[in-house]
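Down below is the structure, laid out as structure tokens.
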Number of protein chains: 2
Amino acid sequence: MNVCSAKWSQHDNVGGKMARKTGSHGDITGPKVQAAALRLIARHGFAAVSMRQIAREVGLQAGALYRYTPDKQTLLFDLMRGHMDALLVAREGAAMAGTPLIRLDEFVRFHIRFHLERPDAVFVSYMELRNLTPENFATLEALRRVYEDQLEVILRFGVVAGVFDVVDTKISTLAIIAMLTGLTTWYREDGRLPLADIERIYTGLVHGAVGVK
Amino acid sequence: MNVCSAKWSQHDNVGGKMARKTGSHGDITGPKVQAAALRLIARHGFAAVSMRQIAREVGLQAGALYRYTPDKQTLLFDLMRGHMDALLVAREGAAMAGTPLIRLDEFVRFHIRFHLERPDAVFVSYMELRNLTPENFATLEALRRVYEDQLEVILRFGVVAGVFDVVDTKISTLAIIAMLTGLTTWYREDGRLPLADIERIYTGLVHGAVGVK
DNA sequence: GTCTATAAGGGGATAGAC
DNA sequence: GTCTATCCCCTTATAGAC
């Protein structure tokens with residue numbers, strides 16, 4: 001499965017219409033628009049952020065944003081899909097070998113680090129699902145499901161290998177992911193414990209939850 | 001600590017100005033406004049819902065809403081504080097006696113049931129924190145902290161009694177609450193498993209996470 | 001690629017009649 | 001307690017100059 005997506009959802013930039021011209025800034029302005037939108041939406045919410053605010057943050061007038069997105073809805077969707085794409089691409093490097101316990105620990109560490117490195121994208125991806133059109137929502141749900149299934153496969157592997165004690169792998173998968181993602185709501189870099197300690201504690205909680213023998 | 005709050009945050013209804021008059025509907029319209037606002041905000045988000053939409057849902061004109069709230073921000077805050085008040089009031093009936101394991105299981109069952117019975121209030125209370133003024137946010141954080149501390153007390157009790165194996169009671173508290181609350185994002189009444197089974201599974205996950213001996 | 005200007009409409013909140 | 005009417009500002013998105 002190719003998890004990568006086109007730049008626009010409904011408005012593909014075919015041909016060379018946006019090719020670089022002397023004095024153009026499109027190839028740097030585009031990412032700046034996305035970054036500003038992500039930051040503002042994470043802080044204030046999609047509906048509360050106006051195109052004018054995003055434009056001001058980038059140093060543009062509002063009308064110029066429509067060179068970079070066909071509309072506000074697509075801007076949100078592209079941010080969220082970009083996050084899920086990045087998540088699944090990053091998982092492509094995950095070991096498909098090793099014991100269930102090794103693969104479980106790798107998943108836990110991966111999930112924690114990936115999410116803590118992108119607090120704004122995580123926030124937006126969890127909070128703004130209700131602001132998507134039904135089609136866009138379904139697309140993201142499918143991507144999220146692909147990710148969840150990777151953990152469930154590990155749990156089932158551990159169960160058949162006799163090293164995990166899990167009553168329901170689907171529920172345990174959702175419960176573990178919710179537990180790990182919750183870390184993003186309270187973690188602070190200058191908090192009481194270093195990240196390595198927190199990772200160890202969460203790994204231990206997960207070991208207990210799946211009944212590591 | 002008295003966890004109950006006044007009807008308004010900043011705009012108390014002192015005296016008898018709103019006493020019942022012939023033909024008045026205030027004592028029934030008020031709750032209807034709150035219910036409509038909660039429902040709409042849960043579905044679309046605070047910023048996306050207009051006072052006109054809320055009024056239409058109740059069968060009023062927009063101006064009439066201002067008999068029931070001084071402004072939109074206070075309406076949101078009152079919904080969220082009402083939820084936390086109800087949570088803490090409901091916990092007043094919780095057993096302060098019993099073994100750590102009994103009290104832990106009672107907390108897990110309570111949390112699951114209370115949250116599943118109020119999906120809209122749970123959603124709003126977790127998603128709209130960023131739309132509160134700093135003062136209102138601080139108030140809610142304090143109430144949430146009181147609730148979390150009840151679980152942490154149980155975990156510490158189990159540790160000193162030698163029946164739980166918890167490395168860090170604060171982190172375990174937050175992790176367990178995140179895990180349990182996550183249930184509200186996927187639970188459906190007509191789902192694969194009856195609630196009693198789901199409760200048993202989550203209770204087992206929590207037992208593992210706290211290292212029940 | 002970015003600007004200015006504008007269309008067409010919705011927003012929160014208030015005033016004062018009834 | 002509810003209505004109508006209104007103030008004033010903000011919204012998304014487009015048109016067309018440069």
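Residue numbering restarts at 1 for every chain, and letters A, B, ... go by the order of the sequence lines. Note that these values count all heavy atoms, side chains included, but never hydrogens, waters or copies made by symmetry. It should be emphasised that the depicted structure is a prediction, and the values quoted were computed from it without experimental measurement.
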*Does OP1 or OP2 of dT2(C) have a side-chain N or O of Thr29(A) closer than 4.0 Å?*
yes
*Less than 4.0 Å between a side-chain N and a carboxylate O, is that true for Arg144(A) and Glu141(A)?*
yes
_Base contacts versus sugar-phosphate-only contacts with protein, heavy atoms under 4.0 Å: please encode nucleotides 12-18 of chain C as B, S and - from 5' to 3'._
BBB----
*Would you mind reading off the distance between Ile28(A) atom CD1 and dG1(C) atom P, rounded to a whole angstrom?*
13 Å
*asked:* Under a 4.0 Å threshold between the charged nitrogen and the carboxylate oxygen, would Glu128(A) count as salt-bridged to Arg130(B)?
replied: yes
*Could you state the NE2-P distance from His44(B) to dG10(C), rounded to the nearest angstrom?*
16 Å
*Would you say a side-chain N or O of Gln61(B) is under 4.0 Å from OP1 or OP2 of dT4(D)?*
yes
*asked:* If only side-chain N and O atoms count, and only distance matters, is there a donor-acceptor pair under 3.5 Å linking His115(A) with Thr181(A)?
replied: no
*asked:* I'd like to know if Glu57(B) pairs up with Arg52(B) as an ion pair, taking the criterion as any Lys NZ or Arg NE/NH1/NH2 lying under 4.0 Å from an Asp or Glu carboxylate oxygen.
replied: no
_Electrostatic pair Arg145(A)-Asp149(A), nearest N-O below 4.0 angstrom_ = yes
_Show me the pairs that pass side-chain hydrogen bond (donor to acceptor under 3.5 Å, both in side chains) and involve residues 167-176 of chain A, at least two apart or across chains._
Glu152(A)-Thr169(A), Asp168(A)-Arg192(B)
_Gap between atoms CD1 and C1', on Ile54(A) and dT11(D) respectively (whole Å)_ = 12 Å
